[in-house]
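First up is the structure itself, then whatever we jot down about it.
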Amino acid sequence: MENNKVKILVASHKPDKVYQDNIYTPIHVGRAISKFKEEMNWMIGDDTGDNISIKNPNYCELTAQYWAWKNLKDTEYIGLCHYRRYFETQITNENIDKLLGRKYDVILPRPIIVNHPVGSRLIQATCMEDIFIFISVLKKLYPDYVSTAIHYLNGNKIIAFNMFVMPKYLFDQYAQWEFSILNEMEKYVKLSGYSRMRRLYGYIAEAMLPIYAIYHKWHIHYDKIVSMIGEKEKTNKIREFYNKFTFYISAQKVDLTYDAVKIGLKNDGIIVD
């Protein structure tokens, strides 16, 4: 891979239309266990060097994050988007300093204002036990972050998709924090038999990046999300999707004192200490 001032990985798990140039680099996530190896052998995979490609069913696009953290060295800025989700602003070597530079630390998706707490979306995507374990592990490893995490999860502004552009040195610091928490969670989580719920680490990481950015008081440059480079934002489609996750837990907030969850985990032999 040639050296560039900025490299943006485009996470792809199946054959589809994907944007590519000298900045945007498609990466086949989960290649170690993929059934599309031949069809996607033209792009790099997340199964080289130090990698967690085999964990893709649980970690989703985070296997590309991990690969970048451990293996991508010769770049000043790093980013991640998806084969069907990009920032509206096309990132180039020429405009990256203007977009970030001295004024901003990171580019993140524009917040989505929803009619329920952010945490209720996570509970719907996984389960209350998974979120309880996440907060408990955070309290164990990085207790100073807990109040920021609770405030974000009980708010109504979602910063979604695990998408970002930031200086590589900040990303390396974030990735060390992120994966240390997820690795610790693996000691306690019981994976679901359902494929959607097994994606729990990818879902939880969607909250981890804004929590980390808010805690560190990063100056955030928010950008719209589009389906493909050169297209315009599809108005309200993302908000409508997230507002479907109201159901019976629409007002539910993350509660570390929820005894039923504590008792259930203890009965399962799970005690985060």
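Just so you know, these numbers come straight off a predicted model, no measurement behind them. Computed from heavy atoms alone, side chains included, the values below leave out hydrogens, waters and symmetry copies.
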Inset, instruction - Determine whether F171 and Y77 make a side-chain contact, defined as any pair of heavy atoms from C-beta on separated by less than 4.5 Å. - result: no

Inset, instruction - Determine whether I96 and E76 make a side-chain contact, defined as any pair of heavy atoms from C-beta on separated by less than 4.5 Å. - result: no

Legend entry - Stepwise side chain to side chain contact (heavy atoms under 4.5 Å, CB included) check, Y212 with E178: CA-CA 9 Å; Y212 189 89; E178 173 188 32; over 6 Å; no

Inset, instruction - Locate the shortest heavy-atom distance separating N162 from G202; write the atom from each residue and the value. - result: ND2-O, 3.1 Å

Legend entry - is_close_aromatic(Y66, F179), centroid dist under 6.0 Å: yes

Inset, instruction - Would you check if the side chain of T75 reaches a backbone N or O of K5 as a donor-acceptor pair within less than 3.5 Å? - result: yes

Inset, instruction - Give me the ring orientation class for Y142 and Y145: parallel if the planes are under 30° apart, tilted from 30 to 60°, perpendicular past 60°. - result: perpendicular

Legend entry - Shortest non-hydrogen separation from L153 to A207 and the atoms involved: CD2-CB, 4.0 Å

Inset, instruction - Identify whether I23 and W42 are in the same connected component of the hydrophobic contact network (ILVMFWY, side-chain heavy atoms under 4.5 Å). - result: yes

Legend entry - 4.5 Å side-chain heavy-atom contact, V6 and N93: yes

Inset, instruction - For the pair N51 (side chain) and S53 (backbone), establish whether a donor and an acceptor sit closer than 3.5 Å, ignoring hydrogens and angles. - result: yes

Inset, instruction - Any pair with a residue in residues 12-38 that passes salt bridge (charged side-chain N to carboxylate O under 4.0 Å, His left out), sequence neighbours left out, goes on the list, sorted by first then second residue, please. - result: none

Legend entry - Smallest separation among heavy atoms of T63 and G30, with atom names: OG1-N, 4.0 Å

Inset, instruction - Go through W67 and L9 one step at a time and tell me if the side chain to side chain contact (heavy atoms under 4.5 Å, CB included) criterion holds. - result: CA-CA 10 Å; W67 181 89; L9 297 179; 4.1 Å; yes

Legend entry - K140 atom NZ, neighbour heavy-atom count above 12 within 6.0 Å: yes

Legend entry - Closest approach of S180 to L141 (non-hydrogen atoms, all atoms of both residues): O-CD1, 3.7 Å

Legend entry - OG1 on T48 to CG on D46, rounded to 0.5 Å: 8.0 Å

Inset, instruction - Side-chain contact test, heavy atoms from C-beta onward, threshold under 4.5 Å: evaluate it for I225 versus Y86 and give yes or no. - result: no

Legend entry - Between CG on residue N156 and CD1 on residue I158, distance to nearest 0.5 Å: 8.5 Å

Inset, instruction - May I ask you to check whether F36 and H13 place their ring centres under 6.0 Å from each other? - result: no

Inset, instruction - Mind running side chain to side chain contact (heavy atoms under 4.5 Å, CB included) on V114 and R121 for me, showing each step along the way? - result: CA-CA 10 Å; V114 292; R121 152 64 177 165; over 6 Å; no

Legend entry - Partners meeting salt bridge (Lys or Arg N to Asp or Glu O under 4.0 Å) with K73 (sequence neighbours left out): none

Inset, instruction - Keeping the roles fixed (side chain from S136, backbone from F132), state whether a donor-acceptor pair exists under 3.5 Å. - result: yes

Legend entry - Donor-acceptor contact below 3.5 Å, side chain D50 vs main chain K70: no

Legend entry - Listed partners of E129 passing salt bridge (Lys or Arg N to Asp or Glu O under 4.0 Å), at least two apart: none

Legend entry - Linked, directly or transitively: M197 and I123 (ILVMFWY side chains, under 4.5 Å): no

Inset, instruction - Go through the steps to decide whether K55 and E186 satisfy the test salt bridge (Lys or Arg N to Asp or Glu O under 4.0 Å), and finish with yes or no. - result: CA-CA 11 Å; K55 294 184 178 182; E186 287 193 38; 2.9 Å; yes

Inset, instruction - List, by chain and number, the other hydrophobic cluster members for I54, where Ile, Leu, Val, Met, Phe, Trp and Tyr join if side-chain heavy atoms come within less than 4.5 Å, directly or indirectly. - result: I33

Inset, instruction - Go through the steps for E88 and K232 under the test side chain to side chain contact (heavy atoms under 4.5 Å, CB included), then give the verdict. - result: CA-CA 7 Å; E88 183 177 59; K232 294 295 182 182; 3.6 Å; yes

Legend entry - Flag, side chain of R199 to backbone of P57, donor-acceptor distance under 3.5 Å: no

Legend entry - Side chain proximity check, Y24 to C81, heavy atoms < 4.5 angstrom: yes

Under 3.5 Å, sequence neighbours excluded: what are the donor-acceptor pairs made by side chains of residues 101-110?
unit_1, atom_1, unit_2, atom_2, d
D105, OD2, H219, N, 2.7

Inset, instruction - Please tell me if the side chains of I159 and Y152 come closer than 4.5 Å, counting only heavy atoms from C-beta onward. - result: yes

Inset, instruction - Verify, without hydrogens or angle tests, whether H28 (side chain) and M43 (backbone) share a donor-acceptor contact under 3.5 angstrom. - result: no

Legend entry - Check: K7/T25 side-chain N/O donor and acceptor closer than 3.5 Å: yes

Inset, instruction - Under the side-chain hydrogen bond (donor to acceptor under 3.5 Å, both in side chains) rule, what do N183 and Y201 come out as? Steps first, then yes or no, please. - result: CA-CA 10 Å; N183 287 340; Y201 298 115; over 6 Å; no

Legend entry - Considering all heavy atoms, the nearest Q90-N95 contact: O-ND2, 2.9 Å

Inset, instruction - Check step by step if ring pair (Phe, Tyr, Trp, His ring centres under 6.0 Å) holds for Y174 and W69. - result: CA-CA 10 Å; Y174 167 67; W69 175 36; 9.7 Å; no

Inset, instruction - Could you tell me whether a side-chain N or O of N58 sits under 3.5 Å from a main-chain N or O of R198, the two making a donor and an acceptor? - result: yes

Legend entry - side chain to side chain donor-acceptor pair (under 3.5 Å) involving Q65 - partner list, sequence neighbours excluded: none

